[in-house]
Amino acid sequence: GPVQPPPGPPERAPTGARPGRSRAAGDAGLAPVGVAVRLVVRSVDGEGQPLEGVHVEVRRANGAPLGAITTDAQGTATLGGLPPGAALAGVARHPRSRDAMRFGPVAAPEAGGEAQVELRFLRARTGKLKGRVVDGAGRPVTEAELALTDPMQEGEAVLDALGMRLGPDGSFEAEVAEGRYSVLARGPGFAPSERAYVTIPADGEAPPVELALLAQGRLAGRVKLPPDLAAARPPPVELVLELTTGTERNPYRRVLRRPLEVDGALRWRVDGCDPGRYRVRLEAAAPGGSRVGPWSVFELPAGASREDLDLVLTELQPALRGTVRDDRGDPVRGARVSVGGLGVEADARGDWSLAGLDPGDLFVEARAPGHVPVQRQVTYEGVLLAVDLVLARTGGLRGVVRTSAGEPLGGALVIAAERSDDGVRPHQVQAGPDGRFAFEDLAPGRYALEAGPGANPFDDRFLLEVEVQAGQPAGDVTLVVP
């Protein structure tokens, strides 16, 4: 099946809202109390008449969303509470116009007032989009909106219940610019419908679509926090919800993070949860990673509630810890140990630890200048796991390339082939004008040396074989090229 495109902006106008209403994104860095900064968007059609129903997504110039607004009968929409001095940008769409209108960057006033944007939309040839909006049981939904996305255009065009002429039987009919669209329905108390894909012919009618809305549910429970976090109000802890919808072949996963809100008994509750497969846990920032609790995994059917989700964030405990030493057994201070996206440096004793890791198979990698990188695969089962690592010191190799007549062979290619059961790993340098060459940071081991035209690291014939010792440069060697 077709890959489902990502949903619209994280925060959008409330479903079924009358044109002209707006909703700002949650933590976008809004203006302080007492400073009135707003953006006013005025939209007109090709004849200069006010254009109602323009859906405007407003963001910072760096892409961070600020909110969405819809123009009213006077063609005007206003978004307030904006950060003073911010560079504003956005995209606007109208159902009867083919083109998305972009604007910005526009500078918001520094100390109150408004920034203004004027947009002109040209009307396109249109056709009819018809269909029906129902709930999971097939009953009509009478409060909804349609969101149309053109894969060749940015933003979405939105039709509210009035603009789509939504009837008491859930049927709708809308005039839409010709083109190819994905269309979904949204409604209060429901998760967005699956997308339908339609082609609107000019002066024609697309085949009808049926859009099913599944009822949202509620998640609730209690939390157990360590004393330092339980005493804080609000606790500096995030509730992490990972939701997977769609099919096994075509899954769609999104991660929602929100500050943990609890009452005096440490009870929490989240309404408006879409149905699907969930993983939920608590997370708090900590040096070297995160303080996390175990995942709670479950399926939330449409319209269902889970009231028994007890989540735990225990005292800070590392998931992995260990020591990094070199081949002599000395600690490697400053060695960088990485697991997935988390990393930490070993201390003066070579000790390191990482917290906030999910159980499963993990790759642990350690690196340090002058040492051979090492990688180990471990299986972390949710309890503390010790992983000690050894970084062998690298060695060196130097020498000179000469002809059979004893003349320096300046510029010659020199290959040092490291041979092991895993195969051949070649290293190469170019000799200087005097024929001298040097290799640095070689792993300890035996190397076959070749030089000059036709040097081949995979050939069993070579000029010389040498042993590279950890932490020591090899003595001068002489390569004679026939």
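For the numbers below, each heavy atom of this structure counts, side chains included, while hydrogens, waters and symmetry mates do not. Nothing here was measured: the structure is a model prediction, and the numbers come from that model.
- The CG atom of D160 sits 10.5 Å away from the CD atom of E143 when rounded to the nearest 0.5 Å.
- Here the closest heavy-atom approach between residue A412 and residue V401 is recorded as CB-CG1, 4.2 Å.
- Shown here is E210, whose CD atom has more than 12 heavy atoms of other residues, nucleotides or ligands within 6.0 Å.
- In this structure, R139 contributes its side chain and G136 its backbone to no donor-acceptor pair below 3.5 Å.
- V339 places none of its side-chain heavy atoms less than 4.5 Å from the side chain of V378.
- At least one donor-acceptor pair under 3.5 Å links the side chain of D388 to the backbone N or O of T323.
- In this structure the side chain of L413 never reaches within 4.5 angstrom of the side chain of F437, judged on heavy atoms.
- The number of heavy atoms from other shown groups lying within 6.0 Å of CZ (R446) is above 12.
- Remark: T244 OG1 to E299 CD distance equals 9.5 Å, nearest 0.5 Å.
- Using a 4.5 Å heavy-atom cutoff, the side chains of K224 and L266 are not in contact.
- Within the 3.5 Å criterion, the main-chain N or O of G276 finds no donor-acceptor partner in the side chain of T245.
- Residues L464 and L479 are in side-chain contact: their nearest non-hydrogen atoms beyond the backbone lie under 4.5 Å apart.
- No donor-acceptor pair closer than 3.5 Å links the side chain of R279 to the backbone N or O of V240.
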For side chain to side chain contact (heavy atoms under 4.5 Å, CB included), just list the numbers for V56 and F103, CA-CA rounded to whole Å, side-chain angles, deciding distance to a tenth of an Å, and then say yes or no. CA-CA 10 Å; V56 186; F103 63 87; 3.7 Å; yes
Derivation of the salt bridge (charged side-chain N to carboxylate O under 4.0 Å, His left out) call for R349 and D351: CA-CA 5 Å; R349 297 185 300 274; D351 294 335; 3.3 Å; yes
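- A donor-acceptor contact shorter than 3.5 Å links the side chain of T394 to the backbone of G370.
- The pair D434-R436 does not count as a salt bridge, with every side-chain nitrogen at least 4.0 angstrom from each carboxylate oxygen.
- A heavy-atom distance below 4.5 Å is found between the side chains of R254 and D274.
- Two residues are said to be in side-chain contact when any heavy atoms from C-beta on lie closer than 4.5 Å; L442 and E418 fail this criterion.
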Before giving the answer on salt bridge (charged side-chain N to carboxylate O under 4.0 Å, His left out), spell out for E156 and R195 the whole-Å C-alpha distance, their side-chain angles and the decisive distance to 0.1 Å. CA-CA 13 Å; E156 63 181 15; R195 293 178 181 266; 5.4 Å; no
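- Distance CG/L409 to CZ/R402: 10.5 Å, rounded to 0.5 Å.
- Checking each of V183, V158, V209, L184 against L146 for a side-chain contact (heavy atoms from CB on, under 4.5 Å) leaves exactly one that passes, namely V183.
- Judged by distance alone, with hydrogens and angles left aside, the side-chain atoms of E242 form no donor-acceptor pair with the main-chain N or O of V255 at under 3.5 Å.
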Salt bridge (charged side-chain N to carboxylate O under 4.0 Å, His left out) between R93 and E57, worked out: CA-CA 9 Å; R93 293 288 306 277; E57 298 168 18; over 6 Å; no
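- Counted within 6.0 Å of CD on E467, heavy atoms from surrounding residues, nucleotides or ligands total more than 12; the atom is thus considered enclosed.
- In terms of heavy-atom proximity, L213 sits nearest to A191 at CD2-O, 3.4 Å.
- Remark: Y278 pairs with F298 by the ring-ring contact (aromatic ring centres under 6.0 Å, His included) rule, at least two apart or across chains.
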Apply side chain to side chain contact (heavy atoms under 4.5 Å, CB included) to the pair W268 and V237, showing each step before the final yes or no. CA-CA 12 Å; W268 64 275; V237 179; over 6 Å; no
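- Side-chain contact between P444 and V372 is present, with at least one heavy-atom pair separated by less than 4.5 Å.
- Taking every heavy atom of both residues into account, A61 and P105 meet most closely at CB-CB, 4.2 Å.
- A donor-acceptor pair under 3.5 Å links the side-chain atoms of Q153 to the main chain of A100, judged by distance alone.
- Once rounded to the nearest 0.5 Å, the distance linking CG of D150 with OG of S182 reads 8.5 Å.
- In terms of heavy atoms, A366 sits closest to L391 at O-CD2, 3.6 Å.
- Considering CG of D441 and NE2 of H371, their distance stands at 10.0 Å, rounded to 0.5 Å.
- Of all non-hydrogen atoms in F462 and L449, the two that sit nearest each other are CB-O, 3.5 Å.
- With hydrogens and angles ignored, the 3.5 Å screen pairs a side-chain donor or acceptor of R222 with a backbone N or O of A265.
- Applying the side-chain hydrogen bond (donor to acceptor under 3.5 Å, both in side chains) definition to pairs two or more places apart or across chains, none involves residues 333-345.
- When every heavy atom of P301 is checked against every heavy atom of P275, the shortest pair comes out as C-CB, 3.9 Å.
- Annotation: the span from L82 atom CG to R38 atom CZ amounts to 10.5 Å, rounded to 0.5 Å.
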Full working for side chain to side chain contact (heavy atoms under 4.5 Å, CB included) between E307 and R218: CA-CA 8 Å; E307 309 277 352; R218 180 173 63 247; 2.7 Å; yes
Under the criterion salt bridge (charged side-chain N to carboxylate O under 4.0 Å, His left out), I'd like the reasoning laid out for D263 against R269: C-alpha separation, chi angles, the key distance, then a yes or no. CA-CA 10 Å; D263 62 15; R269 170 175 164 173; over 6 Å; no
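- Side-chain contact between L239 and L282: present, with at least one pair of heavy atoms (C-beta onward) separated by less than 4.5 Å.
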